[in-house]
*Asks:* 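Below are the structure tokens for one structure; questions will follow.
Chain naming here is simple, since letters A, B, ... match the order of the sequence lines and numbering starts at 1 in each.
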Amino acid sequence: MTFKPTYNLIDELKWRGLFHQETPGIENVLNTEQVTGYVGFDPTADSLHVGNLVPIMLLVHLQRAGHKPIALVGGATGMVGDPSGKKAERTLLDLETLNHNLACIRTQLERFLDFDGPAAAEVVNNYDWFKEFGFLEFIRDVGKHITINYMMAKDSVKNRIESGLSFTEFSYQLVQGYDFYHLNTAKGCKLQMGGSDQWGNIVTGTELIRRKGGSEAYAITAPLLTKADGSKFGKSESGNVWLDAEKTSPYKFYQFWLNTSDDEAEKLIRIFTLLPQPEVMALIEAHRADPGRRELQRRLAEEATLLVHGQEALETALAASNILFGKSTAEQLKSLSESDFLDIFDGVDQSEMANIEGVNIVDLLTDSGFLASKSEAKRELKGNAISVNKTKVGEEYVASSADLIQGKYLLLQKGKKTYYILNVTS
RNA sequence: GGGGAGAUACCAGAGCGGUCAAAUGGGACGGACUGUAAAUCCGUUGCUUCGGCUACGUAGGUUCGAAUCCUACUCUCCCCA
């Protein structure tokens with residue numbers, strides 16, 4: 001039977017800026033047969049974050065090109081710890097945390113792939129084939145094929161020789177390499193993809209497959225993303241940007257993308273959306289002509305939020321952004337229904353207070369837990385930073401129940417971007 | 001093992017007996033401008049019942065008064081062996 005991919009995966013990855021390195025021959029294989037390829041995900045937290053979206057996109061493109069994607073969650077590798085890019089030995093996760101993380105990540109991954117049809121995706125856990133694998137068996141069957149010299153030559157190991165590296169992390173590449181071998185023999189998987197920091201680990205896998213006599217095996221890596229200033233991609237002021245709506249609300253997620261710089265947005269829209277090339281190019285051109293409209297950032301934020309959180313969440317995020325940053329007034333705020341209000345401010349920090357009638361603004365800010373001390377409250381008030389229900393207030397402001405939205409809420413704000421909701425219970 | 005240098009606010013780094021809640025730079029936060037940007041400019045950056053209070057590695061001591069002097073301890077760095 002003949003196979004024809006929907007499109008040339010390598011070309012697609014290249015123009016999107018998702019291509020860093022490949023092993024020779026993969027392009028030809030991708031164009032002539034349906035390839036099963038995998039990407040591994042570490043269960044280091046109970047949610048993936050935007051940085052993990054890069055390898056996810058690799059799988060998505062693989063599938064869209066007509067190939068079979070496998071997402072591997074690292075139940076076994078997560079117990080060992082990948083030394084790549086790490087300066088120091090990691091602490092091991094306990095089993096309970098690990099299992100919890102695995103389950104969460106698995107659910108998240110399932111959202112991005114199609115599990116039906118001729119290119120149906122699969123999610124696997126490497127713990128399944130490692131749990132019965134004994135140590136002696138492993139060092140005889142796997143360790144014998146790879147030399148220490150070979151393993152020591154990897155950057156991930158070399159960089160740690162000075163500062164120290166446990167045997168556990170040293171052997172990580174063998175464990176990951178064996179994953180590839182296992183998938184290769186059990187599922188005919190010929191391709192492993194990942195960030196460029198995974199190159200060494202992936203190649204250990206292809207080497208192992210070659211020596212143990214599996215079928216041919218290939219690698220493709222994507223460049224590691226950094227911001228223009230060299231800092232790590234995927235962090236906002238408030239920390240990691242997670243894919244879990246509980247940890248990073250769709251609104252904050254949308255805002256993360258909207259706030260990207262012009263240069264960055266040009267890069268990111270290729271990587272994190274599935275918009276076709278002509279449309280992307282047209283958007284970039286339009287944006288350069290009139291950067292002030294931030295059409296590019298808007299579109300990027302919309303597409304990324306849609307991809308990760310879906311239509312409904314996107315609409316709420318848009319509505320919230322409009323209210324928060326548009327020229328909305330206290331009147332408009334008060335006219336919101338309670339459920340709209342709560343939807344829009346979903347994810348905004350909040351606390352409860354019993355009674356606010358006659359409470360001075362300084363006490364309000366500190367007692368609510370919004371600001372840490374009265375000195376800070378006074379400072380910010382003096383700096384003209386504090387608003388109540390979108391209206392700037394000074395130190396003389398005293399709260400009254402007439403200010404409450406829907407008789408229950410007070411919207412506190414420091415600066416333009418920091419909001420806090422006071423839920424008045426009495 | 002011997003000798004030397006040091007430990008100050010988020011970070012770097014001045015201060016070396018009172019005028020030090022501590023220069024300066026960076027960061028962070030706020031304001032103006034703008035595109036919810038960048039750059040720029042301005043302000044703020046321990047707590048407080050606004051009387052004060054607690055802070056310069058830790059514990060003591062000298063002094064009217066200590067970040068500053070003395071003692072011990074802990075830690076860091078450098079040189080020699």
*Asks:* Relative to the ring of A:Phe130, is the ring of A:Phe133 parallel (under 30°), tilted (30 to 60°) or perpendicular (over 60°)?
*Replies:* parallel
*Asks:* Tabulated below should be each protein N or O lying under 3.5 Å from an N or O of nucleotides 48-51 of chain B; please produce it.
*Replies:*
from, atom 1, to, atom 2, distance (Å)
B:U48, OP1, A:Lys374, N, 3.0
B:U48, OP2, A:Lys374, N, 3.2
B:U48, OP2, A:Ser375, N, 2.6
B:U48, OP2, A:Ser375, OG, 2.4
B:C50, N4, A:Lys378, NZ, 3.0

*Asks:* When both hydrogen-bonding distances must be under 3.5 Å and the geometry is Watson-Crick or G-U wobble, what is B:U19 paired with, if anything?
*Replies:*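 Partner of B:U19: none.
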*Asks:* Write down the distance separating the C1' atoms in B:A7 and B:C56, rounded off to the nearest Å.
*Replies:* 10 Å
*Asks:* Since syn is defined as within 90° of 0, does B:G51 count as syn or as anti?
*Replies:*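 Syn for B:G51; the angle stays within 90° of 0.
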*Asks:* Counting Watson-Crick and G-U wobble pairs only, both distances under 3.5 Å, name the nucleotide matched with B:U74, or none.
*Replies:* B:A7
*Asks:* Tell which nucleotide pairs with B:A12, taking only Watson-Crick or G-U wobble pairs whose two distances are both under 3.5 angstrom.
*Replies:* B:U24
*Asks:* Counting only Watson-Crick or G-U wobble pairs whose two distances fall under 3.5 Å, which nucleotide matches B:A67?
*Replies:* none
*Asks:* Which base, if any, makes a Watson-Crick or G-U wobble pair with B:C56, both distances under 3.5 Å?
*Replies:* none
*Asks:* Please state whether the base of B:U34 and the side chain of A:Lys416 form at least one donor-acceptor pair under 3.5 Å?
*Replies:* yes
*Asks:* Under 4.0 Å between any heavy atoms, over every strand shown, what does A:Lys382 touch: base, sugar-phosphate, or nothing? Just pick one.
*Replies:*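 Nothing, no nucleic acid heavy atom in range.
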*Asks:* Using purine N1 to pyrimidine N3 plus N6-O4 or O6-N4 for Watson-Crick, or N1-O2 and O6-N3 for G-U wobble, both under 3.5 Å, which nucleotide pairs with B:C41?
*Replies:* B:G31
